[in-house]
K.L.:
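This is the structure, below, for whatever I ask next.
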Amino acid sequence: EPLPASFVNFLGSLKVEKRLSQLELTNFDPSESRALLKGELGAIEPAVMEQMVEWSEGSPFFLSSYIEEWKENENLEPLPDIIQAYLSQELGDMSSEEEALLHYLSCFHKPISLSILAELTATELPVLTELIEPLSERAIVSIVEEGEALMVQFCKQLVAMYFYHLLSPARRRLFHQQIAQKLEESLEDSTDLLLYKEIAYQYKQSQNLLRSISFELTYLEEILQLEHELFPIYSKVDEGFLSDGTNSHLDIFGELSRIRQELDNLFSRHQRDREYKHLQLRYLYLEGRYFIRSGEYQKGIHDIQKVISYARELKQSDFLLEGYRQIIYYCIQTENISEMAYYTDLALEEREKFKDNVEIDGVELKKKYNDELKMTTTLVNIKTEKGAKVMGKPKGHYITIETKYAKEDDKYNQKKISDELLKNIGHLINANIGKDKRPEAILIVGLGNAQATPDAIGPRTASLVQIRKNIYCISPGVLAQTG
């Protein structure tokens, strides 16, 4: 409440007569907060001290409250009775609309857009803006711009905790479930990878634990963006760490270990659930690919063999084929021809189970058959990110040509097969730069191992390329040769 005018005038006169000094108290910075806590409490655990520093945000009142609470009970809670009473008095009476708004907002642990908050509270955006502005003036919430969106969040962490504390357990679960579903609906319009983490958090708080793990895995899949590379290695400087746009050194192994622990905790309750088994399959594939990607081949292949076993049980052909693909790549690298042939046959058998005209959203798939050459040509055009996720490959055009004559010493048929290959390479160029246009330059990369027959086609072809102006060619070898 504002001070009465007479009292303000009285204070003013005391200042003029230099009989009153004004002392403005500001919050402590983190180092000052730590010094105060150490002086009052002595050698307490660093984790306890840091928690007090974080929750208090340097407020002298909050710090002194935590000090008293610790001296009396050696117990640390974010909202002891004295802080709850203080916040209740400071925040004062609120309308039911303001309380509903702040209860929803307290369920987030990152800024949330005004539009999503409006949908959750069933409030028109102009009405919501009118509700928020007074709360912003009172420094209860703050509004920030992120690109074109207006985001809202609590100014103080403890105030958010206070409003969350006022919710009953049943309402908390209900709110978190509603928020998770609403955020899931907004995924198509967002490029923020951390939105997957927020959805996972919301489902976890609503006790929908399997759905939460599913989004944790999606978050890692999006970060890693695993494609069908062979066996690359990372720089040792950043081994095991990647960026999600906010966390520059995200501990991938730590994230995987945490998800494995969560899956293990749910095993006794969900071991027979198909959804749980599918999450195990996704986890093993992700972990296996990451082990391979970071150079721990034996661990990775062990996981991929489990993927093959689980995929057979669940009749998940996409994971089964990807598992076979990884084993085949490994066999090529280690020149294990017999095992490579075995897994290749299994993969071909599995692929034949697919219908010729499979319909996948965002993917065009066509098959052509040449009876003379006993040749099947499969044309795949992945047009959307959704299609890329389903297919496990980046957007683009893919062509697969299969014929038994490719490995027979028949010059006539090999010439025809070469002509068909040439025609399809022409289709790829036209698809990327436009029909009847000439590329400004061509780079030919001969991938593979010239010393291993099944992997030699790339480098052997590269050795036959006639280098001319604006035609470039490299044959980089493989990990086993070059490190």
Side-chain angles (χ1 to χ4, degrees), residues 1-3 23-112 117 121 131-144 151-176 179 201-202 204-205:
E1 293 292 329
L3 294 172
L23 180 64
E24 186 174 335
L25 293 177
T26 59
N27 284 356
F28 298 129
D29 64 31
S31 61
E32 290 170 335
S33 297
R34 292 186 192 98
L36 172 64
L37 290 168
K38 189 173 181 181
E40 291 290 327
L41 300 177
I44 60 171
E45 291 182 25
V48 173
M49 181 182 291
E50 290 306 313
Q51 195 67 82
M52 290 181 183
V53 171
E54 180 188 339
W55 287 341
S56 68
E57 297 181 55
S59 161
F61 174 76
F62 292 155
L63 281 168
S64 63
S65 300
Y66 289 135
I67 289 168
E68 290 304 314
E69 186 72 16
W70 187 263
K71 284 180 177 179
E72 287 181 18
N73 305 311
E74 287 202 6
N75 182 44
L76 182 63
E77 294 291 339
L79 294 169
D81 291 343
I82 188 172
I83 290 181
Q84 287 187 50
Y86 170 81
L87 290 174
S88 176
Q89 184 178 354
E90 280 292 301
L91 295 168
D93 293 331
M94 291 190 174
S95 68
S96 58
E97 292 84 2
E98 287 175 325
E99 284 188 352
L101 166 66
L102 294 173
H103 283 148
Y104 267 110
L105 189 58
S106 72
C107 292
F108 290 90
H109 66 312
K110 60 173 285 188
I112 187 66
L117 201 54
T121 56
L131 276 173
I132 285 179
E133 283 183 351
L135 296 173
S136 176
E137 289 169 5
R138 294 171 58 190
I140 296 173
V141 301
S142 63
I143 301 172
V144 294
M151 313 295 284
V152 60
Q153 63 184 351
F154 279 99
C155 292
K156 290 189 177 296
Q157 186 180 5
L158 276 183
V159 178
M161 290 181 178
Y162 172 74
F163 279 100
Y164 190 73
H165 174 77
L166 295 178
L167 288 170
S168 68
R171 290 186 72 198
R172 287 179 193 172
R173 286 196 188 189
L174 176 63
F175 281 14
H176 283 299
I179 291 168
Y201 166 79
Q202 296 294 341
K204 186 172 185 177
Q205 297 305 110

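For this chain, numbers begin at 1 and follow the sequence in order. When reading the values below, keep in mind they use all heavy atoms of this one structure, side chains included, and skip hydrogens, waters and symmetry mates.
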K.L.:
Which heavy atom of His165 sits nearest to which heavy atom of Leu79, and what is that distance?
P.N.:
CB-CD1, 3.8 Å
K.L.:
If the condition is side-chain contact (heavy atoms from CB on, under 4.5 Å), which residues does Ser96 pass it with, not counting sequence neighbours?
P.N.:
none
K.L.:
Tell me, with the steps shown, if Tyr164 and Gln205 meet side chain to side chain contact (heavy atoms under 4.5 Å, CB included).
P.N.:
CA-CA 12 Å; Tyr164 190 73; Gln205 297 305 110; 3.8 Å; yes
K.L.:
When you compare the side chain of Leu135 with that of Glu98, does any pair of heavy atoms fall below 4.5 Å?
P.N.:
yes
K.L.:
Please tell me if the side chains of Phe154 and Met161 come closer than 4.5 Å, counting only heavy atoms from C-beta onward.
P.N.:
no
K.L.:
Write down the atom of Tyr66, the atom of Pro80, and the distance for their closest heavy-atom approach.
P.N.:
CE2-CD, 4.0 Å
K.L.:
Under the side chain to side chain donor-acceptor pair (under 3.5 Å) test, which residues partner Lys156, sequence neighbours left out?
P.N.:
none
K.L.:
Are any side-chain N or O atoms of Ser136 and backbone N or O atoms of Ile132, one a donor and one an acceptor, separated by less than 3.5 Å?
P.N.:
no
K.L.:
I'd like to check the side-chain contact (heavy atoms from CB on, under 4.5 Å) partners of Arg173; sequence neighbours left out, ordered by chain and number.
P.N.:
Gln207
K.L.:
Using every non-hydrogen atom in the two residues, find where Ser142 and Cys155 come nearest and quote the distance to one decimal.
P.N.:
N-SG, 3.7 Å
K.L.:
Do you know which two heavy atoms are closest between Gly92 and Arg138, and how far apart they sit?
P.N.:
N-NH2, 4.5 Å
K.L.:
Under 3.5 Å, which donor-acceptor pairs do the side chains of residues 27-41 form with other protein atoms, sequence neighbours left out?
P.N.:
unit_1: Asn27; atom_1: ND2; unit_2: Glu57; atom_2: O; d: 3.4
unit_1: Asp29; atom_1: OD1; unit_2: Ser31; atom_2: N; d: 3.1
unit_1: Asp29; atom_1: OD1; unit_2: Ser31; atom_2: OG; d: 2.8
unit_1: Asp29; atom_1: OD1; unit_2: Glu32; atom_2: N; d: 2.8
unit_1: Glu32; atom_1: OE1; unit_2: Asp29; atom_2: N; d: 3.0
unit_1: Ser33; atom_1: OG; unit_2: Asp29; atom_2: O; d: 3.2
unit_1: Arg34; atom_1: NE; unit_2: Glu50; atom_2: OE2; d: 2.7
unit_1: Arg34; atom_1: NH2; unit_2: Glu50; atom_2: OE1; d: 3.2
unit_1: Glu40; atom_1: OE1; unit_2: Lys71; atom_2: NZ; d: 3.0

K.L.:
Kindly write out the residues that satisfy side chain to side chain donor-acceptor pair (under 3.5 Å) with Asn73, not counting sequence neighbours, or none if the list is empty.
P.N.:
Glu69
K.L.:
Using the test side-chain contact (heavy atoms from CB on, under 4.5 Å), find all partners of Ser88 that sit at least two apart in sequence or belong to another chain.
P.N.:
Tyr162
K.L.:
So, do Pro111 and Val152 sit near enough that their side-chain heavy atoms are less than 4.5 Å apart?
P.N.:
no
K.L.:
Before you tell me yes or no, could you show the steps for Gln153 and Val141 under side chain to side chain contact (heavy atoms under 4.5 Å, CB included), namely the whole-Å CA-CA distance, both residues' side-chain angles and the distance that decides it to 0.1 Å?
P.N.:
CA-CA 5 Å; Gln153 63 184 351; Val141 301; over 6 Å; no
K.L.:
Hey, can you tell me if Tyr201 and His109 have their rings parallel, tilted or perpendicular (30° and 60° cut-offs)?
P.N.:
tilted
K.L.:
Heavy atoms only: give me the nearest Cys107-His176 pair and the separation to one decimal.
P.N.:
O-CE1, 3.4 Å
K.L.:
With no hydrogens and no angle check, is any side-chain donor or acceptor of Ser64 less than 3.5 Å from a backbone partner on Phe61?
P.N.:
yes
K.L.:
Are Leu91 and Phe163 packed together at the side-chain level, in the sense that at least one heavy-atom pair is separated by less than 4.5 angstrom?
P.N.:
yes
